[in-house]
Q: 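Handing you this structure, nothing more for now.
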Amino acid sequence: MSPTIDQMREAQRALETPLFSGLPGDIEVSFEFFPPKNAKMNETLWQSVETLAPLGPRFASVTYGAGGSTRERTHQQVVRIQKETDIPAAAHLTCVEATREEVDEVARHYWEEGIRHIVALRGDPPDGQSKYAPHPGGYANAVELVAGLKRVGDFEISVAAYPEIHPDSPNSQADIDNLKAKFDAGATRAITQFFFDPQCFFAFRDKAAAAGIEGEIVPGIMPVLSFAAVQRMSGLCGTAIPHWMEGIFNGLDDRPEARKLVSATITAELCRRLYAGGVRQFHFYTLNRAELSYAICHMLGLRPKA
């Protein structure tokens with residue numbers, strides 16, 4: 001029985017050089033953490049920071065709860081990263097439920113502590129509210145926040161980008177226009193919301209370039225620790241989940257180690273396809289767990305630095 005054309009193509013793919021073979025490790029990475037709620041979570045966070053630090057990340061960012069609900073914990077972790085590691089620290093800062101003076105004061109405290117990088121975000125509605133509403137005396141959006149931070153100090157500023165349309169945006173062009181306004185206000189780079197389709201990122205990058213956006217756009221990468229959690233987060237931020245992902249993670253709820261292996265495989269393939277499309281900077285949403293992000297960086301050729 002002669003093989004079909006499809007079988008021959010599959011056999012050829014199986015015999016080709018391994019997907020990750022020979023990568024020179026010419027990527028740059030950054031990592032996002034969230035402030036821990038208790039001593040045990042703090043220990044896990046710092047184990048992750050210490051594991052990822054040898055990879056020489058460009059920066060490590062710490063998230064900021066809605067309405068400043070984690071303000072002190074965020075500040076504590078950002079300052080500790082800055083002082084106790086060789087990783088440049090970046091603090092998230094939002095507009096939610098704060099006056100301009102309050103936001104500016106937080107930014108000034110960071111500047112005094114030697115923090116020179118802010119991740120400037122509009123922010124999500126506080127718990128119990130379905131839609132975002134600007135504070136009467138606050139910054140209305142991320143564009144205003146970026147401009148305000150630049151008046152406080154010459155911060156390096158990262159902002160958010162949405163390849164699959166922000167839930168509050170009327171269309172993709174409005175997202176591009178808003179992103180351009182953030183760069184025009186002084187943003188240094190944009191970090192995208194997580195996504196699972198590389199073509200989605202490439203299309204967004206091309207559309208941004210066509211709109212005259214010259215700033216760096218970095219893909220945000222979310223290794224799947226829990227498929228149910230990713231489903232919830234995707235519903236909130238508008239990320240599409242490919243139909244095949246549910247089938248791949250089905251049956252792994254009670255097998256966390258197997259789930260990690262599956263997650264590392266599919267996330268590394270996403271990053272490899274982005275790499276093939278010219279991407280050399282990656283931002284990992286670690287969820288305060290180092291293993292998956294470290295494994296993916298290793299597969300992309302990145303090794304600990306002296």
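As the structure is a prediction and not an experimental result, all values here were calculated from the model.
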Q: Just by modelled atom types, is the S263 backbone N or O under 3.5 Å from a matching donor or acceptor in the T267 side chain?
A: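 Here the side-chain-to-backbone pair exists.
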Q: Atom NZ of residue position K305 - does it have more than 12 heavy atoms of other residues, nucleotides or ligands inside 6.0 Å?
A: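 More than 12 heavy atoms, drawn from other residues, nucleotides or ligands, come within 6.0 Å of this atom.
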Q: Is atom CG of D254 surrounded by more than 12 heavy atoms (other residues, nucleotides or ligands) closer than 6.0 Å?
A: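 Incorrect, the count does not exceed 12.
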Q: Are V146 and F183 connected, step by step, through hydrophobic side chains (Ile, Leu, Val, Met, Phe, Trp, Tyr) whose heavy atoms are closer than 4.5 Å?
A: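 Both belong to a single hydrophobic cluster.
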Q: Any chain of hydrophobic side-chain contacts (each under 4.5 Å) joining V230 to V262?
A: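 Yes, because V230 and V262 connect within a single hydrophobic cluster, where side-chain heavy atoms sit under 4.5 Å apart.
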Q: Can you measure from CD1 (I115) to CG (L93) and round to the nearest 0.5 angstrom?
A: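 Here the rounded value is 12.5 Å.
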Q: Is there a donor-acceptor contact under 3.5 Å from the side chain of R189 to the main chain of V218?
A: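 No; judged by distance alone, with no hydrogens or angles, the pair does not exist.
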Q: Is it possible for you to say whether V29 and V279 belong to one hydrophobic cluster, with membership spreading through side-chain heavy-atom contacts below 4.5 Å?
A: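 Yes: a chain of side-chain contacts under 4.5 Å links V29 to V279.
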Q: Of the non-hydrogen atoms in F282 and I27, which two are nearest, and what is the gap between them?
A: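 Heavy-atom minimum between the residues: CE1-CG2, 3.8 Å.
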Q: First locate atom CG of D154, then atom CD of E156, and finally report the distance between them rounded to the nearest 0.5 Å.
A: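 Going from CG on D154 over to CD on E156, the span is 10.0 Å.
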Q: Nearest 0.5 Å please: distance from the CZ atom of F31 over to the OG1 atom of T51.
A: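 Going from CZ on F31 over to OG1 on T51, the span is 10.0 Å.
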Q: Quick one: does Y64's side chain get under 4.5 Å of V78's, heavy atoms only?
A: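 SC-SC contact between Y64 and V78 ruled out.
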Q: Checking T239 side chain against G235 main chain: does a donor-acceptor pair fall under 3.5 Å?
A: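 It does not hold such a pair.
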Q: Are L225 and Y285 packed together at the side-chain level, in the sense that at least one heavy-atom pair is separated by less than 4.5 angstrom?
A: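 Answer no - side chains too far apart.
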Q: Can any side-chain N or O of E216 pair as donor or acceptor with the backbone N or O of A190 at less than 3.5 Å?
A: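 Answer holds: no.
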Q: So M245 and F227, do their side chains get closer than 4.5 Å, heavy atoms only?
A: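 In short, these two side chains touch, coming nearer than 4.5 Å.
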Q: Testing N178, L179, D175 one by one against H166 for a side chain to side chain contact (heavy atoms under 4.5 Å, CB included), which residue passes?
A: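 Going through the options one by one, the only one that passes is D175.
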Q: Going through the checks in order, is the side-chain contact (heavy atoms from CB on, under 4.5 Å) test met by D26 and R280?
A: CA-CA 7 Å; D26 58 341; R280 295 295 181 271; 3.3 Å; yes
Q: Look at the side chain of R259 and the backbone N and O of D253, then say whether any donor-acceptor pair between them is shorter than 3.5 Å.
A: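 Pair found, side chain donor or acceptor close to backbone of D253.
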Q: Is it true that Y110 and H117 have ring centroids separated by less than 6.0 Å?
A: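 No, ring centres 6.0 Å or more apart.
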Q: Identify whether the distance between the nearest side-chain nitrogen and carboxylate oxygen of E257 and K260 falls below 4.0 Å.
A: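 Looking at E257 and K260, the cut-off is met.
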Q: Do L292 and F195 belong to the same hydrophobic cluster, where Ile, Leu, Val, Met, Phe, Trp and Tyr are linked whenever their side-chain heavy atoms lie under 4.5 Å apart, directly or via other members?
A: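 L292 does not cluster with F195.
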Q: Is there a chain of hydrophobic side chains (I, L, V, M, F, W, Y, each step under 4.5 Å between heavy atoms) that links L300 to L19?
A: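 Both belong to a single hydrophobic cluster.
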Q: To the nearest 0.5 Å, tell me how far I213 CD1 sits from I176 CD1.
A: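 Between I213 CD1 and I176 CD1, I get 5.0 Å after rounding to 0.5 Å.
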Q: Would you indicate whether R255, at its atom CZ, is surrounded by more than 12 heavy atoms from other residues, nucleotides or ligands within a distance under 6.0 Å?
A: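 12 or below, so no.
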Q: Would E105 and H109 count as having a side-chain donor-acceptor pair, cut-off 3.5 Å?
A: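 The answer is yes; a qualifying pair exists.
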Q: Measure the spacing between CD1 of I191 and CD1 of I221 and express it to the nearest 0.5 Å.
A: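 Interatomic distance, I191 CD1 to I221 CD1, rounded to 0.5 Å: 11.5 Å.
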Q: Do the side chain of T99 and the main chain of G138 share a donor and acceptor less than 3.5 angstrom apart?
A: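 Between the backbone of G138 and the side chain of T99 there is no qualifying donor-acceptor contact (under 3.5 Å).
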Q: Tell me if a side-chain donor or acceptor on K182 pairs with a main-chain N or O of L145 at a distance below 3.5 Å.
A: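 It does not hold such a pair.
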Q: Answer whether the closest heavy-atom distance between the side chains of R100 and H135 falls below 4.5 Å.
A: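 No; the side chains remain at least 4.5 Å from each other.
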Q: For the CZ atom on R116, are there more than 12 heavy atoms of other groups (residues, nucleotides or ligands in this structure) within a distance under 6.0 Å?
A: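 More than 12 within 6.0 Å, yes.
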Q: Donor-acceptor check, side chain of Q82 to backbone of A89, threshold 3.5 angstrom: yes or no?
A: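 Here the side-chain-to-backbone pair exists.
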Q: Are the side chains of Y294 and L52 in contact, using a 4.5 Å heavy-atom criterion?
A: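 Yes, at least one pair of side-chain atoms sits under 4.5 Å.
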Q: Answer yes or no: is there a donor N or O on one side and an acceptor on the other, between the side chain of D197 and the main chain of P242, under 3.5 Å?
A: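 Flag not set: sc D197 to bb P242 has no pair under 3.5 Å.
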Q: Check A258 against L252 and note the closest heavy-atom contact, atom names and distance.
A: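 Minimum heavy-atom contact is CB-CD2, 4.0 Å.
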Q: Have H92 and T74 got a donor and an acceptor in their side chains that come within less than 3.5 Å?
A: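 No, T74 and H92 have no side-chain donor paired with an acceptor closer than 3.5 Å.
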Q: Going by distance alone, is a donor N or O of one side chain under 3.5 Å from an acceptor N or O of the other, for S30 and R58?
A: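 Their side chains do not contain a donor-acceptor pair, so the 3.5 Å distance test is not met.
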Q: Give a yes or no on whether the ring-centroid distance for H283 and F194 is below 6.0 angstrom.
A: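 No, too far apart.
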Q: Checking Y139 against L149 for the side-chain contact (heavy atoms from CB on, under 4.5 Å) test, could you report, in this order, the C-alpha distance in whole Å, the side-chain angles of both residues, the deciding distance, and whether it holds?
A: CA-CA 11 Å; Y139 292 112; L149 289 172; over 6 Å; no
Q: Over 60° means perpendicular and under 30° means parallel, so classify the ring planes of W111 and F155, tilted if in between.
A: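 Judged by the thresholds at 30° and 60°, the geometry between F155 and W111 is perpendicular.
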Q: Mind listing the closest non-hydrogen atom pair of E164 and C200 along with its distance?
A: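 Residues E164 and C200, closest heavy atoms: CG-SG, 3.2 Å.
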Q: Less than 4.5 Å apart, side chain to side chain, heavy atoms only: is that true for L45 and F34?
A: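 They are not in side-chain contact.
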Q: In Å and rounded to the nearest 0.5 Å, what is the OG to CE distance from S293 to M222?
A: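 S293 atom OG to M222 atom CE measures 10.0 Å (nearest 0.5 Å).
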Q: For D177 and Q173, which I'm curious about, is there any donor-acceptor pair between the side chains at under 3.5 Å?
A: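 Yes.
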Q: Give me the atom names and distance for the closest heavy-atom approach of T192 to P219.
A: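 Smallest heavy-atom distance, with atoms named: OG1-CA, 3.5 Å.
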Q: Would you say W46 and E84 are linked by a side-chain donor-acceptor pair, where the criterion is simply a distance under 3.5 Å?
A: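 Checked: E84/W46 side chains show no N/O donor-acceptor pair below 3.5 Å.
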Q: As a quick check of understanding, evaluate side-chain contact (heavy atoms from CB on, under 4.5 Å) for V62 and H75, giving each step before the final call.
A: CA-CA 8 Å; V62 182; H75 184 272; over 6 Å; no
Q: If every non-hydrogen atom of V143 is compared with every non-hydrogen atom of A181, which pair is closest and at what distance?
A: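 Heavy atoms of V143 and A181 come nearest at CG2-CB, 3.7 Å.
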Q: Would you say the side chain of D168 lies within less than 4.5 Å of the side chain of R122, judging by non-hydrogen atoms?
A: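 Yes. Closest side-chain heavy atoms under 4.5 Å.
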Q: Surrounding CG of D184 (heavy atoms of other residues, nucleotides or ligands, distance under 6.0 Å), is the total greater than 12?
A: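 Yes, enclosed.
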Q: How far apart are the closest heavy atoms of S48 and A290, and which atoms are they?
A: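 Looking at all heavy atoms of both residues, the closest pair is OG-N, 3.3 Å.
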Q: L23 and L302: side-chain contact (heavy atoms from CB on, under 4.5 Å), yes or no, with the steps?
A: CA-CA 9 Å; L23 293 180; L302 191 59; over 6 Å; no
Q: Can you confirm whether E32 sits close enough to T286 that some side-chain heavy atom of one is under 4.5 Å from a side-chain heavy atom of the other?
A: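 When only atoms from C-beta onward are counted, T286 and E32 do not touch, as no gap falls below 4.5 Å.
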Q: For the backbone of S158 and the side chain of T188, can you confirm whether one donor and one acceptor N or O come within less than 3.5 Å of each other?
A: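 No; judged by distance alone, with no hydrogens or angles, the pair does not exist.
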